[in-house]
Amino acid sequence: MNENILTSIITGIVTIIVTLIAVIFPERRKIKKLKGEIKEKDKQIELQNNRINTLSTNNEIVSTGVAIGYFNNFIKRIFNKLNEGNKVEIKLYQKHETQEQVLDNADRKSYSFNEKEVRFVVVLPADLTPGRLKDADNFEKSKTKALLMGKGEKRHFSFFCDIVNDRELVIYDYPNPFDAVRKFIYMDNRYGYKRDGNVVVDRESETNAPERHKREIENFKSTIIKMSKVDDNVSIVNKIDFKSLS
């Protein structure tokens, strides 16, 4: 083979190799850099998802605190009056009467009940949609409205009840805080969406809400039961029932 031809071939091969090295190595560096960027992005996404999951877990059940507040601020107010053998005294409203009219009527019959004669029924809605909450509210208001008479400087307050044979007082109450639980749920993007900074109910996502509603209602109920069992007022023990609407 001619020496010049051999030299040309070798030179060509070297040129090709050098060219390939010049092309491949920068591309490999770019690919390596790109893989690093993707890996870092994946880490950021994972951290973000973990934060979201943590928030979702912490906010998954919000009815516990609501139930504790309801128990302390309403149920206990009644049963504290029965503690140590005290009696509660009530007067019944007539239709469209105000509290002042009940108090001003000195001839209005009053009823007295001791610890053994009082029961409390918590009215639970079928779910937390506005219509079902309204049903629970209407059920409560279908009962007789009564005024519990405060003694001394203690304030009077009203509730709905049945009086059974003048010997048993059954108090019915729909917990209004359920509406707060409903609104909190729709602050979760799984059940609502934001528009101009405000949470708006997404009707399409309401189909995902019933299971969440069920868990909140059951948790509310179980929290009330637990609170009644550990409360230092023995008048409350075994005196709380539940009316679940369908």
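Worth saying up front: this structure is predicted, and the values here are computed from it rather than measured.
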Return all side-chain donor-acceptor pairs below 3.5 angstrom for residues 160-168, not counting sequence neighbours, or 'none' if the list is empty.
{"residue": "Asp162", "atom": "OD2", "partner": "Lys143", "partner atom": "NZ", "Å": "3.4"}
{"residue": "Glu168", "atom": "OE2", "partner": "Arg119", "partner atom": "NE", "Å": "2.9"}

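The salt bridge (Lys or Arg N to Asp or Glu O under 4.0 Å) test applied to Asp127 returns no partner, not counting sequence neighbours. Residues that satisfy the side chain to side chain contact (heavy atoms under 4.5 Å, CB included) test with Ser112, not counting sequence neighbours, are Lys87, Glu89. Not counting sequence neighbours, the partners of Asp137 by the side chain to side chain donor-acceptor pair (under 3.5 Å) test are Lys141. In this structure Tyr93 satisfies the side chain to side chain donor-acceptor pair (under 3.5 Å) test together with Ser158, sequence neighbours excluded. Residues meeting the side chain to side chain contact (heavy atoms under 4.5 Å, CB included) test with Thr144, sequence neighbours left out: Leu92. The ring-ring contact (aromatic ring centres under 6.0 Å, His included) check on Phe220 picks up Tyr70, Phe178, with sequence neighbours excluded. Judged as a side chain to side chain donor-acceptor pair (under 3.5 Å), and not counting sequence neighbours, Lys221 has no contacts. Looking at residues two or more places apart in sequence or on another chain, you find no salt bridge (Lys or Arg N to Asp or Glu O under 4.0 Å) involving Asp173.
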Practice task
Give the C-alpha distance, both sets of side-chain angles, the deciding distance and a yes or no for side chain to side chain contact (heavy atoms under 4.5 Å, CB included) between Val122 and Tyr174.
Solution key: CA-CA 6 Å; Val122 180; Tyr174 150 65; over 6 Å; no
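Using a cutoff of 4.0 Å between basic side-chain nitrogens and carboxylate oxygens, Glu218 and Lys214 are not scored as salt-bridged.
Remark: side-chain polar atoms of Asn73 are paired, donor with acceptor, to backbone N or O of Gly69 under 3.5 angstrom.
Screening residues 111-147 for ring-ring contact (aromatic ring centres under 6.0 Å, His included), with sequence neighbours left out, gives Phe74-Phe120. Among residues at least two apart or in separate chains, salt bridge (charged side-chain N to carboxylate O under 4.0 Å, His left out) pairs with a member in residues 93-103 are Glu97-Arg108. Judged as a ring-ring contact (aromatic ring centres under 6.0 Å, His included), not a single pair has a partner in residues 221-246 (not counting sequence neighbours).
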